Amino acid sequence: PLKYRMLVGMVDCVFADIAQPDQARIVALNSHYFLKQGGHSVIAIKASCIDSTAAPEAVFRREVSKLQSENFKPLEQLTLEPYERDHCVLISQYRPSKKKKSSDE
């Protein structure tokens with residue numbers, strides 16, 4: 001991202017389908033540079049590319065946890081079964097706005 005940071009502006013959504021073992025780190029790094037606060041990410045996770053020895057559900061949980069530690073709030077997770085085995089799509093919001101408490105009292 002550092003090579004093209006000055007060429008690309010802030011975006012509303014980051015989409016990643018890269019099948020890399022460190023894809024959560026890659027998405028987080030690019031989001032820190034390019035994704036607007038409150039923007040969304042759509043990530044295709046292929047469990048066997050991250051850890052072929054673990055159960056896919058465990059891999060998905062770990063990836064969600066990694067993204068949560070980078071200020072992502074998971075909104076929806078969908079498995080791609082029966083079309084793609086051990087794949088899911090994760091939709092999340094980046095740096096969601098804090099809800100303001102109403103002072104109507």
Side-chain angles (χ1 to χ4, degrees):
L2 294 176
K3 291 181 180 179
Y4 49 88
R5 175 65 186 113
M6 294 303 168
L7 302 173
V8 179
M10 298 299 283
V11 297
D12 295 315
C13 185
V14 168
F15 176 80
D17 186 6
I18 54 177
Q20 295 291 317
D22 62 341
Q23 89 176 40
R25 182 193 65 80
I26 294 168
V27 168
L29 181 63
N30 279 278
S31 295
H32 292 321
Y33 282 106
F34 302 111
L35 189 56
K36 294 177 183 175
Q37 180 173 344
H40 292 83
S41 66
V42 179
I43 306 164
I45 300 172
K46 183 177 180 183
S48 63
C49 285
I50 296 168
D51 185 348
S52 61
T53 63
E57 295 77 18
V59 174
F60 300 151
R61 272 194 307 276
R62 273 199 317 256
E63 294 303 294
V64 168
S65 178
K66 289 176 189 177
L67 289 169
Q68 286 175 317
S69 71
E70 295 286 348
N71 292 318
F72 285 87
K73 177 184 176 187
L75 300 176
E76 190 170 3
Q77 179 178 329
L78 303 167
T79 181
L80 299 182
E81 300 276 350
Y83 307 106
E84 292 289 339
R85 198 178 88 228
D86 302 337
H87 286 66
C88 82
V89 171
L90 175 67
I91 302 166
S92 57
Q93 187 176 19
Y94 182 63
R95 295 184 185 164
S97 301
K98 303 251 192 287
K99 291 185 178 179
K100 295 179 183 176
K101 293 182 180 179
S102 63
S103 57
D104 294 334
E105 297 175 18

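Remember, it's a predicted structure, so these values are computed and weren't measured experimentally.
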Could you walk me through whether R62 and D51 satisfy the salt bridge (charged side-chain N to carboxylate O under 4.0 Å, His left out) test, starting with their C-alpha distance in whole Å, then the side-chain angles of each, then the deciding distance to 0.1 Å, before giving a yes or no?
CA-CA 10 Å; R62 273 199 317 256; D51 185 348; 3.2 Å; yes
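- Two residues are said to be in side-chain contact when any heavy atoms from C-beta on lie closer than 4.5 Å; Y4 and Y33 fail this criterion.
- Within 6.0 Å of the CE atom in M10, the count of heavy atoms belonging to other residues, nucleotides or ligands exceeds 12.
- In this structure the side chain of C13 reaches within 4.5 angstrom of the side chain of V42, judged on heavy atoms.
- To the nearest 0.5 Å, the span separating CD on E57 from SG on C88 amounts to 9.5 Å.
- Contact annotation: the side chain of L90 approaches that of L67 to within less than 4.5 Å [non-hydrogen atoms, C-beta and beyond].
- Residue L29 is grouped with residue V11 when hydrophobic side chains (ILVMFWY) are merged at heavy-atom distances under 4.5 angstrom, including chains of intermediate members.
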Take Y94 and H32 through the test side-chain contact (heavy atoms from CB on, under 4.5 Å) and record every step on the way to the result.
CA-CA 9 Å; Y94 182 63; H32 292 321; 2.5 Å; yes
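- With a 4.5 Å cut-off between side-chain heavy atoms of Ile, Leu, Val, Met, Phe, Trp and Tyr, the cluster of Y83 takes in none.
- Q68 places no side-chain N or O within donor-acceptor distance of the main-chain N or O of P74, the cut-off being under 3.5 Å.
- Across all their heavy atoms, C49 and A19 have their closest contact at SG-CB, 3.7 Å.
- Scanning both residues, D86 and P56, for their nearest heavy atoms gives OD1-CG, 3.1 Å.
- Hydrophobic clustering of Ile, Leu, Val, Met, Phe, Trp and Tyr side chains at less than 4.5 Å, counting indirect connections, keeps F15 apart from I43.
- The environment of R5 atom CZ is dense: over 12 non-hydrogen atoms of other residues, nucleotides or ligands sit within 6.0 angstrom.
- No path of Ile, Leu, Val, Met, Phe, Trp and Tyr side chains, each step under 4.5 Å between heavy atoms, connects V59 with L78, placing them in separate hydrophobic clusters.
- Annotation: ring pair (Phe, Tyr, Trp, His ring centres under 6.0 Å) contacts involving residues 35-70, sequence neighbours excluded, are absent.
- Remark: D12 CG to S41 OG distance equals 13.0 Å, nearest 0.5 Å.
- Expressed to the nearest 0.5 Å, how far CZ of R61 lies from NZ of K66 amounts to 13.5 Å.
- Q23 places none of its side-chain heavy atoms less than 4.5 Å from the side chain of K46.
- A donor-acceptor contact shorter than 3.5 Å is absent between the side chain of Q20 and the backbone of R25.
- The closest side-chain heavy-atom distance from K73 to R95 is not below 4.5 Å.
- Two different hydrophobic clusters hold L35 and I18 under the rule that ILVMFWY side chains link at heavy-atom gaps under 4.5 Å.
- In this structure, Q77 and V64 have side chains that are in contact, with non-hydrogen atoms separated by less than 4.5 Å.
- With sequence neighbours excluded, no residue satisfies side chain to side chain donor-acceptor pair (under 3.5 Å) with S69.
- The closest side-chain heavy-atom distance from S31 to F72 is below 4.5 Å.
- Side chains of E81 and H87: no donor on one and acceptor on the other come within 3.5 Å.
- Counting heavy atoms from C-beta outward, I45 and V89 have side chains that stay 4.5 Å or more apart.
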